[in-house]
Structures are given as structure tokens and as C-alpha cells.
Amino acid sequence: KTLCCARTAWVAITVLAGQTSGTGTATSGSTIIGWRPTGNQDQFVDNITISGTTVTITLAAAATANNTFEVVLLKS
């Protein structure tokens with residue numbers, strides 16, 4: 001997918017039922033510019049971080065069912 005140009009990337013992340021966080025893989029040096037749910041979202045998103053090549057979504061409470069998201073990144 002492209003949002004506006006070749007410098008954007010979408011990362012799919014699933015937080016499994018019973019868990020509070022899920023991860024995806026990104027290009028090192030990327031910056032988070034947005035996110036959206038792509039399916040069930042039964043908890044509030046508390047935080048989204050990127051460290052190295054790992055993008056992490058943390059929910060405010062454990063998911064009661066699988067929660068799916070896409071995080072939009074700007075590649076450096």
C-alpha cells in the first residue's frame with residue numbers, strides 16, 4: 001500500500017485475545033504518522049511505539065478477542 005508516496009509504509013499488527021500488546025516489523029529509522037483499526041478493536045489503544053525495526057501497539061487492557069491494526073510509517 002502507499003499513502004502518498006514511496007516513503008510511506010503500512011505495518012499490520014494483531015494483539016491476540018488475552019494479551020495487552022502486539023508487534024510488527026518496520027524499516028529502521030521510520031516514524032509513526034498514524035494508525036487505524038482493520039477489524040475488531042475492543043480495547044482503547046494506550047500507546048504505539050517504534051524501536052529499531054519493531055512497532056508495538058499497547059492496549060489499555062487485555063484484548064477480549066483478537067484486535068487488528070495498521071500503523072502508517074514514514075520511512076527515513
Side-chain angles (χ1 to χ4, degrees):
K1 290 182 179 180
T2 56
L3 180 63
C4 67
C5 59
R7 291 191 58 213
T8 57
W10 296 77
V11 176
I13 298 177
T14 299
V15 180
L16 298 175
Q19 301 300 310
T20 57
S21 65
T23 61
T25 302
T27 302
S28 182
S30 295
T31 301
I32 298 166
I33 59 172
W35 67 278
R36 71 181 187 102
T38 57
N40 183 61
Q41 180 187 350
D42 57 36
Q43 301 296 333
F44 289 110
V45 173
D46 189 43
N47 196 17
I48 303 174
T49 60
I50 187 167
S51 178
T53 60
T54 303
V55 181
T56 303
I57 289 185
T58 303
L59 303 179
T64 57
N66 289 355
N67 284 228
T68 57
F69 304 91
E70 281 185 335
V71 177
V72 185
L73 303 172
L74 181 63
K75 297 186 282 186
S76 60

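Just so you know, residue 1 is the first one in the sequence shown, and it goes up from there. Values below: every heavy atom of this structure, side chains too, minus hydrogens, waters and symmetry copies.
Looking at V45 and F69, their side chains come closer than 4.5 Å, going by heavy atoms from C-beta outward. Looking at T64 and Q43, their side chains come closer than 4.5 Å, going by heavy atoms from C-beta outward. The side-chain heavy atoms of S30 and I50, taken from C-beta on, include a pair separated by under 4.5 Å.
Nearest heavy-atom pair across T56 and S21 is CG2-CB, 4.2 Å. For the pair S76 and S28, the tightest heavy-atom approach, listed with the atom from each and the gap, is OG-O, 3.8 Å.
Side chains of T54 and T23: a donor-acceptor N/O pair is absent below 3.5 angstrom, by distance only. Judged purely by distance below 3.5 Å, without hydrogens or angles, the side chains of N67 and D42 pair a donor atom with an acceptor atom. A donor-acceptor contact closer than 3.5 angstrom is absent between the side chains of T58 and D46.
Note on L74: it does not cluster hydrophobically with I57, by side-chain heavy-atom contacts below 4.5 Å among ILVMFWY residues. In the hydrophobic clustering of ILVMFWY residues, with side-chain heavy atoms under 4.5 Å counting as a link, V55 and W10 come out apart. Under the 4.5 Å side-chain heavy-atom criterion for grouping Ile, Leu, Val, Met, Phe, Trp and Tyr, V72 is not connected to V11 through any hydrophobic cluster.
In this structure, R7 contributes its side chain and K75 its backbone to a donor-acceptor pair below 3.5 Å.
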TODO: Tell me, with the steps shown, if I33 and L73 meet side-chain contact (heavy atoms from CB on, under 4.5 Å).
DONE: CA-CA 6 Å; I33 59 172; L73 303 172; 5.9 Å; no
TODO: Please report the C-alpha distance between I13 and V71 in whole Å, then the side-chain angles of each, then the deciding distance to 0.1 Å, and finally whether the side-chain contact (heavy atoms from CB on, under 4.5 Å) criterion is met.
DONE: CA-CA 8 Å; I13 298 177; V71 177; 3.8 Å; yes
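Considering T14, T38, N40 as possible partners of T68, the one that fulfils the side-chain hydrogen bond (donor to acceptor under 3.5 Å, both in side chains) test is T38.
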